[in-house]
Amino acid sequence: MAAHVTPPSTYYKIFATLVALTIVTVIVAFFDLGRLNTVVALGIAVFKASLVLLYFMHLRHSERLTALVIGASFFWLAILMVHTLMDYVSRQWIPVPGK
Amino acid sequence: MPERLFRFIPDQASTLAPAVDNLYFFLVALSAFFSILIAGLLIYFAVKFRRRPEHAIADEHGVVRGGQDPEHGAHGPALALEIAWTVIPLVIVLGIFFWSNRLFFLISRPPADAMEVFVVGKQWMWKVQHPEGQREINQLHVPVGRPVRLTMSSEDVIHSFFMPAFRVKMDVLPGRYTTAWFQATRPGTYPLYCAEYCGTLHSGMIGQIVVMHPDAYQAWLEGAPSGGQTLASAGEGLFKSFGCAACHLTDSPRGPRLAGAYGKPVSLEGGASAVADEGYLRESILNPQAKIVAGYPPIMPTFQGQVTEEQLIQLIAYVKSLGAEEGGAARSAQGASELRKD
Amino acid sequence: MAEAGHAAPLADEKHGLVSHQFEDVEQQRSAAALGMWAFLVTEVLFFGGLFLAYTVYRRLYPEAFAAGSHHLDVTLGSVNTLVLIGSSLTMALSVHAAQTGDNKALVRLLLATMLLGAVFLGIKVVEYAEKFRDHLVPGVHFHWHGPDEGHVRLFYGLYFMMTGMHAVHMIIGEGLLGWLVIQGRRGRFGPHYNTPVDLIGLYWHFVDIVWIFLFPLLYLLGRH
Amino acid sequence: MATQYAVQPPDEERRVHYLNADYGIRSWLLTVDHKRIALLYLGTVTVMFAVGGLFAVLIRLELLTPTGDLMDSDTYNKVFTMHGIVMVFFFLIPAIPAVLGNFLVPLMIGARDLAFPRLNLFSWYLFVFACLFGVGAIASGGVDTGWTFYTPYSTSSSNTHVITATFAAFVVGFSSILTGLNFIVTIHRMRAPGLTWFRMPLFLWAIYATSLIIMLATPVLAITLLLLIVERAFHFGIFDAQLGGDPVLFQHLFWFYSHPAVYIMILPSMGVISELVATFTRKPIFGYTFVAYSSIGIAVLGFLVWGHHMFVSGQSVYAGMVFSLLSYLVAIPSAIKVFNWTATLYQGSVSFQTPMLYAFGFIGLFTIGGLTGLFLAATGLDVHVHDTYFVVAHFHYIMVGGTIMGYLGGLHYWWPKITGRLYPEGLAKIAAFIVFLGFNLTFFPQFVVGYLGMPRRYHMYPPEFQVLNVMSTAGASILGVGYLLPFVYLIWSMRYGRRATANPWGATGLEWQTPSPPPTHNFDVTPVVTEPAYSYPPIQHVRERVVG
Ligand code: HEA
Ligand code: HEA
Ligand code: CUA
Ligand SMILES: [Cu+2]
């Protein structure tokens, strides 16, 4: 078997971090940081997701192809988002008719 | 236009038409060139290098020994060819891109002095309203030589206002306004189609554009049924009967003064801002809670379901006319954010 | 059948079977793993459509979305997040148990994972029931006491689509875990053959990741 | 690639192969052999093509006259909708990957089967289930939204079987995702020893690129259709302007899938053409690496251009420009392929068997179809031609003139391998010419009538367009005959055709090194590859030919 065996202690550490981050993100949400709220919430979410990917899903010890596959999925998600939002963001740019 | 037996392009009846056709002819020529080039080379090579008995090739049983060096990883002349047929088409398409998008920008930006006509699409007819109040169905009368801007909306599904003789088409959407413009160059009667599939009688949602000499147009305006009211004056009536006046007409603190609002930026509750274009005015009436003007309570009731698309157009025409009458300067000088202070 | 004409599937001493199309266990395992990762890619884009709709409408109607979100139960949402993270832990430990051949622990950990999954779904049911009671399920009975009902309805529509699709994935996951438990009790898994545990684990963690994003987006915005 | 099956053993009659290894309905319906599954797909997509073709016949008959005399408007609307849905989702998308791809991928990489044979069979069942659902939707009254399902028409206005039809498309999506996944894993993990990426036949590159698109785009279609179904059932407003939603968002989601989907439809056919051109010129494909990479380039760039279907939809003008620019960039890899195929002929040894005739047809018609794509990507011009017959002509040139030509070419080319029989060459050549002529007569006039302004999806049209429409209908009847011929003689040849040798074309490629038809497990000994694809012996050209 090529699979790497992660010791349970790592899993527990990751679990503890995830729990802590969940608590942090809930607490932060109750403070008004303006636009930063979303940034922080998503930042923490991305971090948590990366931990799950890297350790629970063993990405750290997987071959390069796996990372490539995951990278591709997020890259394409970004295409979907960015190109659609490009439309919504720029719809108002055309000057008001008649003015 | 003289009737021709066989035509390749529709009537050219707007300022845009020749510009679009030029691009079209260029592309036809380009396509012909490349199609003939490819087809010609294929035929020439196929004939010249057709299989001959002297070609030592694998037999039926396909015993293949000692391969020829396949062209993996081209170099030398092969690489030069690859680069050539990557770069040359690239340059050509970039050229087309700039040409066509300049045109697109022209088509998308109506000139400021265009006269306005309102169009409402519904399954399966076009309802047209002129600022002076004339209404028509499946017909659009316009004067020759003046830019015309269409402000369009739909009562149900998506339609598309298509005037092939002007080379203009724009989708007509429910819930918002879209615009299109043209300047007719030649009097006559031209077809009008619905180009976005919209159900049973999609193919019956057709009509005519009648382009007239300015005097004939004037005569037509006078003769056409208008109910005796311009759009704005009809809107004024609605403004009163829907009770908008109670909050908006006087300088009452209940609602913002609408005079001169059109086309100006508005600061919204929460720090954002918006431009008071037709779409914004529309949303303010149908969905007043979506964007609250800074400094005002969200007390305006929604008129969704109470005003029809056509009444909406009249109300908006009225709000816009308010700006024109009072010069709009008063409001713009003071700015929406100022309103908060008083 | 096709298999009939072929050399009997190679029985690899202790390991399970190597199907006829593969050369050896390693090829079989790596093919299965790549298959699962590729499947997860499709899942990312499947949920991606929902995230896109959410982003577009939240950008257009921030106030309504904040108001709608304010009405969700943060406590239940947070508890559920912790429950799901817990289930990810037990899942990860199951993989470890399978790799080390501790069959008893494997079955117990898988059952724990299932249990936590069930708790999550149970809490979800409670939340849904509340929304139903409060007429916040989009449809003819939808009613919102506050401004901008239409756009709040959009928020709830997306809330139900997103959490609903997530819940469907959880339910499928529960089924897969159940199958693992049955196989595990038969002693099918061990150091030499644990691909199914590994792959279903990947799926389960993925579902967890989806929730990690859903939670702040749905429950936390507009909290302040 | 030196393997042993060069000569067919004399006791051909008694040789056990995948077709006679087992008999009976069960042996087919429960098979996990990729070759048999390919044949199951072949049968299914042929039936669906006949259904779609039937609708095409109805469209063309109705459009023979400007008035609606054959059927009423509602019926016509259903007819073109179901023509589009059946042809795209149930025929063209699965056609080459699921039939030829399924048959050839394991053979070409020297494997015994796909990575997940049972999943493969399962995808076929999903596909059949979807077909039954789709045909059920048709039988119970049909659907009239256009194949694009635009909202809010599909969610609030149409009163036909929208949910049934979208659900069928949804299921077909899963089937194609599973097929794509199977190909990706197979190509990554199961290549024969020595078969490096750059030794692979170009067909495999094309199938790989196609599978990438399938996996990345189809899930978005799935969620879009699901949202559409939910919206239609519960009206929570996501695509409904009256409730605050935006119908244009649906178009974004739909085209995020459906533009890449057009490359799902063309790339496999391009792969077939590469194989045909190499075999019938006895040369490696000129610029192999460029052709291989251009498939991947199309797959990636193809995701960035979907907004070119929405230039006049109310999408932002600026977004329109970006989409226009990117559409032009995606044309480049296609151009590279066309030029490389053409250059391959140079100093080749070109023969003119039927598959090669189809390859010529493909290159020519795809070029025209692709070049007219440049008209459509030209925003300022698309404002005029959008939703006219110009668009209809564009995509039929690519999908019928391109993809179907490639499909037929491939079917003829691998027919001996699939069935162990040769098709009748003379008849096949005649059919190829009829298809080519009929096709051009059908669709060329549509460019003209489109630029003249005839909108698509029109049941009735102004009389001035009639002449061109009559030409089009006349062409379609010729085209129909052209398609009917192969249908008949291919079936005939399965029983009466001459027996094929292992390698009737003298081609390279692992699939030709195992007997025709191949044994159930393809290769008795796993082949070892030592050379790049298309390693033909040099051609002895006589340089100075004496004219005399
Ligand atoms: C297999 C299917 C397929 C393929 C491959 C393509 C390929 C292309 N398509 Fe097409 N298209 C469709 C199927 C396809 N299309 C369908 C079905 C629709 C309508 C959907 C609907 O509304 O129902 C459509 C609609 C469509 C539109 C929208 C039109 C409208 O509704 O207004 C546009 C706009 O940009 C477009 C552009 C292109 C371009 C630029 C390419 C390019 O990829 C083409 C590239 C190829 C070449 C350029 C030819 C080869 C090159 C040479 C010979 C060298 C010379 C080249 C240069 C100088 C550049 N297509
Ligand atoms: C792969 C895709 C594909 C294929 C192959 C075709 C094939 C054909 N199409 Fe289609 N078409 C589309 C995809 C396709 N089409 C799509 C996506 C649309 C848009 C739909 C929409 O607007 O929503 C469309 C729309 C469309 C229109 C426009 C309708 C409108 O807008 O109002 C027209 C009009 O001429 C047309 C014609 C044809 C014709 C004549 C053929 C011919 O090539 C067909 C030839 C086939 C036959 C004539 C049948 C042959 C007989 C057999 C195979 C034997 C069967 C055996 C037995 C029955 C025993 N098509
Ligand atoms: Cu209105 Cu088509
Ligand atoms: Cu496209």
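So you know, we letter chains A, B, ... as the sequences are listed, proteins then strands, and number each from 1. Values in this document were obtained by computation on a predicted structure and should not be read as measured data.
- Between D:Phe250 and D:Phe239, the ring planes lie perpendicular to each other; the angle is over 60°, past the 30° to 60° tilted range.
- For the residue pair D:Trp306/D:Ser258, the side-chain donor-acceptor check at 3.5 Å is not satisfied.
- Between C:Phe160 and C:Tyr156, the ring planes lie tilted relative to each other; the angle falls in the 30° to 60° range.
- Checked against the 6.0 Å centroid threshold, C:Phe120 and C:His166 count as a close aromatic pair.
- In this structure, the ring of C:His169 has its center less than 6.0 angstrom from the ring center of C:Phe47.
- Proximity to chain C (any heavy atom under 4.5 Å) is restricted, for D:Ile177, to the side chain, taken from C-beta onward.
- Counted within 6.0 Å of OH on C:Tyr128, heavy atoms from surrounding residues, nucleotides or ligands total more than 12; the atom is thus considered enclosed.
- More than 12 heavy atoms of other residues, nucleotides or ligands lie within 6.0 Å of OH in D:Tyr125, so this atom counts as buried by the packing criterion.
- For CZ of D:Phe234, the number of neighbouring non-hydrogen atoms (other residues, nucleotides, ligands) closer than 6.0 Å is 12 at most.
- Taking 4.5 Å as the limit, every side-chain heavy atom of D:Thr151 sits out of range of all side-chain heavy atoms of D:Asp240.
- Ring pair D:Trp197/D:His188 is perpendicular by interplanar angle, where above 60° counts as perpendicular and below 30° as parallel.
- Contacts between D:Leu114 and chain C at a heavy-atom distance below 4.5 Å involve the backbone alone (N, CA, C, O).
- For the set D:Met190, D:His235, D:Glu231, the entry with the most heavy-atom pairs within less than 4.5 Å of chain C is D:Met190.
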Q: Report the C-alpha separation of D:Phe303 and D:Leu212 in whole Å, then their side-chain angles, then the decisive distance to 0.1 Å, and conclude whether the side chain to side chain contact (heavy atoms under 4.5 Å, CB included) test is met.
A: CA-CA 11 Å; D:Phe303 275 91; D:Leu212 276 185; over 6 Å; no
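- Below 30°, between 30° and 60°, or above 60°: for D:Trp255 and D:Tyr150 the angle between ring planes is above 60°, a perpendicular geometry.
- Near-neighbour residues of residues 33-43 of chain C relative to chain D, defined by a heavy atom under 4.5 Å from a heavy atom of that chain, comprise C:Leu34, C:Gly35, C:Ala38, C:Phe39, C:Val41, C:Thr42.
- Heavy atoms of D:Leu253 lying under 4.5 Å from chain C belong exclusively to its side chain.
- Of the inter-residue distances, the one linking D:Thr179 atom OG1 with D:Phe183 atom CZ reads 6.0 Å to the nearest 0.5 angstrom.
- Top candidate by heavy-atom pairs under 4.5 Å with chain C, chosen from D:Gly244, D:Gly24, D:Pro519, is D:Gly244.
- The interface of residues 50-67 of chain C with chain D, defined by heavy-atom distances below 4.5 Å, comprises C:Leu50, C:Leu52, C:Ala53, C:Val56, C:Tyr57, C:Tyr61.
- Contact of D:Thr186 with chain C is not made at all, since no heavy-atom distance falls under 4.5 Å.
- Counting heavy-atom pairs under 4.5 Å between each of D:Leu216, D:Leu178, D:Ile184, D:Asn182 and chain C puts D:Leu216 at the top.
- Both the backbone and the side chain of D:Ala222 have a heavy atom closer than 4.5 Å to some heavy atom of chain C.
- For chain C, the option among D:Leu226, D:Leu227, D:Val185, D:Val220 with the highest count of heavy-atom pairs below 4.5 Å is D:Val185.
- Using a 4.5 Å heavy-atom threshold, the side chains of D:Tyr18 and D:Leu39 count as touching.
- With a 4.5 angstrom heavy-atom cutoff, D:Leu181 touches chain C only via side-chain atoms.
- Under 3.5 Å, the side chains of C:Ser30 and D:Arg189 contain a donor-acceptor pair of N or O atoms.
- The contact between D:Ala115 and chain C is made by backbone and side chain atoms together, counting heavy-atom distances below 4.5 Å.
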